[in-house]
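Structure first, commentary second.
What's counted below: heavy atoms across the whole structure, side chains too, no hydrogens, waters or symmetry copies.
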2 protein chains.
Amino acid sequence: MNKKKVSLKDIAEKAQVSTALVSYVLNGKEKESRVGHEIAVKIKQIAKELNYQPNYLAKSLRSGKTQTIGLIIADISNPFFANIARIVEDEAKKNGYTVIIGSSDETAEKSWDLITVFLNRQVDGFIIVSSENSEEQIHYLIERNVPFVLLDRHFPEIPTDFVSLNSFKAAYDAGSHLIRGGYKNIGLIAYQSQLFHMQERIRGYRFSLEDHRIPFRPEWLKEVGFNTIEEEIKVGIDDMLASEYAVDALIFATYRLAITGLKYINSLGLKVPEDLAIVSFGQAEAFDLYYCPITYVLQPMHELGKTAVEILIQKLKKPDSEKKQILMEAKLMARDSSRPKAPVR
Amino acid sequence: MNKKKVSLKDIAEKAQVSTALVSYVLNGKEKESRVGHEIAVKIKQIAKELNYQPNYLAKSLRSGKTQTIGLIIADISNPFFANIARIVEDEAKKNGYTVIIGSSDETAEKSWDLITVFLNRQVDGFIIVSSENSEEQIHYLIERNVPFVLLDRHFPEIPTDFVSLNSFKAAYDAGSHLIRGGYKNIGLIAYQSQLFHMQERIRGYRFSLEDHRIPFRPEWLKEVGFNTIEEEIKVGIDDMLASEYAVDALIFATYRLAITGLKYINSLGLKVPEDLAIVSFGQAEAFDLYYCPITYVLQPMHELGKTAVEILIQKLKKPDSEKKQILMEAKLMARDSSRPKAPVR
DNA sequence: AATGTATGTTTAATCGATTAAACAAAAAAC
DNA sequence: GTTTTTTGTTTAATCGATTAAACATACATT
């Protein structure tokens, strides 16, 4: 009843040869290992007949390679990461790799867990979207000589391969775009995080103000905690609006912040962009559906994911090749939510 | 430099015992195998010192269990499936399982590929969101005695475990809700697919009309192909609006159809719900952000995912337990996009 | 005939863990 | 003082594949 699995041995028995020959033939080594032609044909035929499928566990145990990549992201249910995951999945598959995905929820702890579990499962390498305070993990991987590539975020003080976004430039562009459109009081809602990419977004934003001689007001910048974004965003926006220098434009540093913020802005009855212009990082179909299409920072997602896989695979082949550190440029997609202000007369 | 991996053997050597003892101790079998207490302590200590991490490949090869679940969904970058994936990931982890995810893009071919690859990697079982024409795959798994649970979709004529939605009821409710709100000409945009859940949605919709004595018009039902949704939805909506019985309300059979359709509706300058009321399957943040919150069919995502994992794990423990076939009920979340029509006077 | 070379196939170790069975020494029973 | 039982430990097979090395022929060369 239960057709059990067909192994090399089964084929060998049926063909009346040793497993060695079967292995050679099925791995296309009949030439190098000078297997008899007739036997080779016979083995192939039997393998097909029995629908032989090699056991990758055994293969991996022997070879020390699992052809598996561990992908650690913040949260697969976040469209940004889901998109990345899909791209990584496809690229990996093209190269004969399978991907195991884990969500860290932006915590170093879960990220550690995932790394441990994935290492026990002998993944060949990692693609990691780092959480705050996870430097220790990175050092551990380096020390253990585990190949990995950081994606979307990196630690400038740790020499690693990475592929991420030029966040400073992207944020600077976002700010400048609004300023050019006539907006003067520009707020930023970011995560409260020491992660470099976030700090860079803040720095880029501030620099855009500075560069255009707009004095920065502390109440324009709100950094919210990962676990309290809903409440904190409300407070932040309230403060920004109540300020003596009430904001007329708002930048969101990530997709999730934007979604949450926009819901609140809607509930306040504010009109975009008349009452409040909007620019956001990340892109998503939600932005297209909004009554006023949202201006966003277009990240080269496909390139990000694809490049990360490429670098990792390159590294798996040549472990000691030079470190690749790639900062990709974002493109501001200007749409209605940040259209130039009607001149005040 | 390269700290290489610590194996049982390394511990055994350091402790001057055989690997058997080490294995017994580290698997908590010191009692049954009557390992000397002092030795046991020593072994544990050395294991900790060397930070021993077992090689799951070896364990799995020996035991025939990988503690891995293969999850096949249509597309991880679709928020609906991404959410499901996250829930499955978390539930599986709670039970000591790891999940490998693959996207089939609704094609039987890719689904076959994934099943093959995952089987070669010796997954213990599958959770599958089936594609059209994939019955053969299901039969194959049954024949091979591979444990699996179908999720979100099932084949009524094949006896399998499954967890899905009562699509007929959900669609019926959606239609009835609109009719009660005074809408008379109600369209449905669905996928052109023989998959049971899709046919049930169509049937439920038609039955709601019938039940309220509204004669069905062929132009009210548009079934679009998976790969041509954009163009076909346009044609479909155009036809529905141009009809002698122009629709005043529209149901979308999935989240992606809704997103695509709403974009087109926006571009036509139609107002929801004044010009066209909307009800959609699936839920997503995009719906909250729409200028007029979209009425949707709330699927018990968490329950769906959790139950699928539970059934699968149960099945892994007791392969011959009875088949679980679960149809969950959806809940219509009425919002502005389908508010009752202002009475015509 | 002796030696060398080419061709074809098998043997056995290996990857890292598990575990039944064998073995050895100490303790208990008669 | 044997025999039996208990306790503690090792041996070796196993999971399914890979592959260097050994082996066994046939054929060619001198």
Once you apply a heavy-atom cut-off of 4.0 Å, does [X] come out as touching a base, just sugar-phosphate, or nothing?
X       : result
A/Ser33 : base
A/Tyr24 : base
B/Ser23 : base
A/Leu57 : nothing
A/Ser60 : nothing

Between [X] ([atom1]) and [N] ([atom2]), how many Å, whole number?
X       : N      : atom1 : atom2 : answer
A/Ile39 : C/dT10 : CD1   : C1'   : 12 Å
B/Glu13 : C/dG16 : CD    : P     : 12 Å
B/Glu38 : D/dG8  : CD    : C1'   : 12 Å
B/Leu26 : C/dA17 : CG    : P     : 10 Å
A/Gln16 : C/dG8  : CD    : P     : 19 Å
A/Leu8  : D/dT14 : CG    : P     : 17 Å
B/Lys42 : D/dT9  : NZ    : C1'   : 14 Å
A/Lys31 : C/dT9  : NZ    : P     : 14 Å

A/Phe118 side, atom CZ; B/Thr98 side, atom OG1 - distance, nearest 0.5 Å: 6.5 Å
Side chain of [X] (C-beta onward), nearest among [options]:
X       : options                : result
A/Arg34 : C/dT10, D/dT9, C/dG8   : C/dG8
A/Ala20 : C/dA17, D/dT10, C/dT10 : C/dT10
A/Leu61 : C/dT10, C/dA17, D/dG16 : D/dG16
A/Asn55 : C/dT10, C/dA17, D/dA17 : D/dA17
B/Ala58 : D/dT19, C/dG8, C/dA17  : C/dA17

Donor on one side chain, acceptor on other, [X] and [Y], under 3.5 Å:
X        : Y        : value
A/Gln137 : A/Ser111 : yes
B/Thr68  : B/Arg121 : no
A/Glu49  : A/Gln45  : yes
A/Ser103 : B/Glu89  : yes

Quick check on DNA chain C: between A/Leu21 and B/Tyr52, whose nearest nucleotide comes earlier from the 5' end? A/Leu21
Between A/Ser7 and D/dG16, is there a side-chain N or O to OP1/OP2 distance below 4.0 Å? no
Counting just side-chain N and O atoms, does B/Lys29 come under 4.0 Å of either OP1 or OP2 of C/dT19? yes
In terms of ring plane angle, is the pair B/Trp112 and B/Tyr140 parallel, tilted or perpendicular, where the classes change at 30° and 60°? perpendicular
